*Asks:* 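Here you go, one structure.
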Protein chains: 2
Amino acid sequence: MDAALKAFAEPRRREILRLVWSQELPAAHIAARFDDVTRSAVSQHLAVLRDAALVLERRDGTRRLYRANHEEMAKLRDFLDDYWTGSLERLRDLSEAAQQMKGSH
Amino acid sequence: MDAALKAFAEPRRREILRLVWSQELPAAHIAARFDDVTRSAVSQHLAVLRDAALVLERRDGTRRLYRANHEEMAKLRDFLDDYWTGSLERLRDLSEAAQQMKGSH
DNA sequence: TACTTGCGTTAGTGTCAACTGACCTATGGT
DNA sequence: ACCATAGGTCAGTTGACACTAACGCAAGTA
């Protein structure tokens with residue numbers, strides 16, 4: 001999950017992810033969208049996204065088709081939502097911090 | 001805004017941010033929460049968060065009190081929400097990608 | 001079998017970021 | 001004035017990472 005956020009916090013990867021959000025695209029089409037970067041760089045970005053499970057890969061002959069993994073993206077979104085809305089974790093941290101202030105002052 | 005996401009995509013900084021989410025804390029208290037890292041490192045993290053406007057700093061004598069900047073965090077959240085919900089941007093990218101497929105095949 | 005296309009992978013490079021340790025600054029107390 | 005406390009800053013190291021160029025490999029095609 002941490003890897004997903006890290007992968008997502010990269011402008012180029014966010015662009016790629018957006019391209020394959022609602023349609024499957026072969027690597028060549030994705031790479032062709034970026035004229036300021038080599039095909040190799042895009043391939044490596046795709047590997048990062050795949051390792052983070054943010055995209056899914058499907059092989060069709062010599063081609064590899066990519067599409068966004070909406071399930072994993074939903075998980076990431078839930079994670080972020082939890083951060084904002086607080087949840088149990090932050091309550092625990094707050095009580096610990098309060099306790100620490102007592103002890104040190 | 002890109003800086004905010006990048007700053008947020010760092011586990012340690014997310015921890016710090018959570019500590020000052022609903023209460024103001026002096027730098028020393030924040031640093032004391034991390035036993036595997038020096039005060040210097042925490043100070044630098046706080047600088048990154050401040051530069052990204054994710055935390056606000058207030059001076060009180062020799063101390064510096066930090067608290068989360070909820071407004072800026074809301075902006076970040078909105079940015080992420082827009083990414084998910086689509087918005088105009090993605091529609092533009094989709095049409096461009098479709099046009100490209102036509103041209104190359 | 002040979003050639004081409006589609007794509008991943010590897011080595012090497014430059015840059016950036018997280019961290020430590022030493023230092024500097026400012027405020028407040030004695 | 002002196003000293004302690006709170007905390008930022010700078011130099012230097014290490015490791016991660018985005019990238020290029022060259023190579024490797026599988027799957028069609030002639």
Side-chain angles (χ1 to χ4, degrees), chain A residues 2-20 23-67 97 100-101 103-105, chain B residues 2-20 23-67 97 100-101 103-105:
Chain A
D2 206 34
L5 181 52
K6 193 175 167 188
F8 186 73
E10 225 288 331
R12 191 93 62 181
R13 281 195 287 265
R14 279 200 304 278
E15 281 189 75
I16 292 176
L17 203 46
R18 211 161 45 184
L19 284 174
V20 296
Q23 66 179 323
E24 216 174 24
L25 285 179
H29 282 301
I30 299 170
R33 284 272 296 163
F34 304 97
D35 50 355
D36 57 339
V37 93
T38 60
R39 191 180 50 76
S40 178
V42 174
S43 178
Q44 289 170 51
H45 277 309
L46 284 169
V48 171
L49 288 171
R50 178 167 35 75
D51 289 350
L54 293 183
V55 299
L56 297 173
E57 181 188 305
R58 182 172 69 92
R59 303 198 180 185
D60 170 39
T62 114
R63 302 190 310 167
R64 302 201 185 184
L65 302 168
Y66 292 92
R67 66 178 186 279
Q100 187 181 314
M101 286 192 71
S104 64
H105 192 65
Chain B
D2 206 35
L5 181 52
K6 192 175 169 188
F8 186 72
E10 225 287 332
R12 191 92 63 180
R13 282 196 285 265
R14 279 200 304 277
E15 282 190 73
I16 293 175
L17 204 47
R18 209 161 47 185
L19 285 174
V20 297
Q23 65 178 324
E24 217 174 23
L25 285 180
H29 282 302
I30 299 170
R33 286 271 298 161
F34 304 98
D35 49 356
D36 57 339
V37 93
T38 60
R39 190 178 51 76
S40 179
V42 174
S43 178
Q44 288 170 51
H45 276 309
L46 284 170
V48 171
L49 288 171
R50 178 166 34 75
D51 290 349
L54 293 184
V55 299
L56 297 173
E57 182 189 304
R58 182 172 69 91
R59 302 197 178 185
D60 170 40
T62 115
R63 301 189 310 167
R64 303 202 187 184
L65 301 168
Y66 292 93
R67 67 179 185 278
Q100 187 180 316
M101 285 191 70
S104 65
H105 191 63

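Here is how names work: the chains are called A, B, and so on, in the same order as the sequence lines, proteins then strands, and each is numbered from 1. Just so we're clear, the structure is a prediction, and the values are computed from it rather than from any experiment.
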*Asks:* Heavy atoms only, 4.0 Å cut-off, all strands: where does B:Tyr66 land among base, sugar-phosphate and nothing?
*Replies:* sugar-phosphate
*Asks:* Just the rounded figure in Å: distance from C1' of D:dC25 to CZ of A:Arg63.
*Replies:* 18 Å
*Asks:* Based on the rotation axes of five pairs at each end, what angle does the helix from C:dT1-D:dA30 to C:dT30-D:dA1 bend through, to 10°?
*Replies:* 0°
*Asks:* Nearest 0.5 Å, please: how far is CZ in B:Arg50 from CZ in B:Arg64?
*Replies:* 7.5 Å
*Asks:* With DNA chain D as reference, determine whether A:Gly61 or B:Leu65 sits nearer its 5' end, using the nearest nucleotide of each.
*Replies:* B:Leu65
*Asks:* What is the distance from CG of B:Leu49 to P of D:dG8, rounded to the nearest Å?
*Replies:* 12 Å
*Asks:* Taking atom NE2 of B:His29 and atom CD of B:Gln23, what is their separation to the nearest 0.5 Å?
*Replies:* 9.5 Å
*Asks:* Between C:dG21 and B:Ser40, counting only base atoms on the nucleotide and side-chain atoms on the residue, is there a donor-acceptor pair under 3.5 Å?
*Replies:* yes
*Asks:* Between B:Arg50 (CZ) and D:dG8 (P), how many Å, whole number?
*Replies:* 7 Å
*Asks:* Which heavy atom of B:Arg63 sits nearest a heavy atom of B:Pro26, and at what distance?
*Replies:* NH1-CG, 4.1 Å
*Asks:* Below 3.5 Å is the cut-off: list the nitrogen or oxygen pairs between protein and nucleotides 13-19 of chain C, distance only.
*Replies:*
from	atom 1	to	atom 2	distance (Å)
C:dA17	OP1	B:Lys6	NZ	2.4
C:dA18	OP1	B:Arg13	NH2	3.1
C:dA18	OP2	B:Arg13	NH1	3.1
C:dC19	OP1	B:Arg12	NE	3.3
C:dC19	OP1	B:Arg12	NH2	2.8
C:dC19	OP2	B:His45	NE2	2.3
C:dC19	N4	B:Gln44	OE1	3.2

*Asks:* Quick check: do B:Asp36 and B:Arg12 have side-chain heavy atoms less than 4.5 Å from each other?
*Replies:* yes
*Asks:* So for A:Ser43 and C:dT9, does any side-chain atom that can act as donor or acceptor lie under 3.5 Å from a complementary atom in the base?
*Replies:* no
*Asks:* In this structure, how many angstroms lie between the C1' atom of D:dA6 and the CD atom of B:Glu57, rounded?
*Replies:* 12 Å
*Asks:* Quickly work out the A:Asp51 CG to C:dT9 C1' distance and round it to whole Å.
*Replies:* 13 Å
*Asks:* Could you state the interatomic distance from CD1 (B:Ile30) to CG (B:Leu65), rounded to the nearest 0.5 Å?
*Replies:* 9.0 Å
*Asks:* Starting at CZ of A:Arg39 and ending at C1' of D:dC25, how long is that distance when rounded to a whole Å?
*Replies:* 12 Å
*Asks:* Let's see if you can work this out: which of C:dG8, D:dA27, D:dG7 has an atom nearest to the side-chain heavy atoms of A:Arg64?
*Replies:* C:dG8
*Asks:* Give the rounded distance in Å between these two atoms: CZ of B:Arg59 and C1' of D:dA6.
*Replies:* 12 Å
*Asks:* In whole angstrom, what separates A:His29's NE2 from C:dT5's P?
*Replies:* 15 Å
*Asks:* What verdict does the side chain to side chain contact (heavy atoms under 4.5 Å, CB included) test give for A:Glu24 and A:Asp60, after you've listed the backbone C-alpha separation in whole Å, the side-chain angles of each residue and the deciding distance to 0.1 Å?
*Replies:* CA-CA 12 Å; A:Glu24 216 174 24; A:Asp60 170 39; over 6 Å; no
*Asks:* Going by heavy atoms in the side chains, are B:Phe8 and A:Leu5 under 4.5 Å from each other?
*Replies:* yes
*Asks:* If you round to the nearest 0.5 Å, how far is CZ of B:Arg13 from CD of B:Gln44?
*Replies:* 10.5 Å
*Asks:* Could you check if a side-chain atom of B:Ile16 sits within less than 4.5 angstrom of a side-chain atom of B:Phe34, using non-hydrogen atoms only?
*Replies:* yes
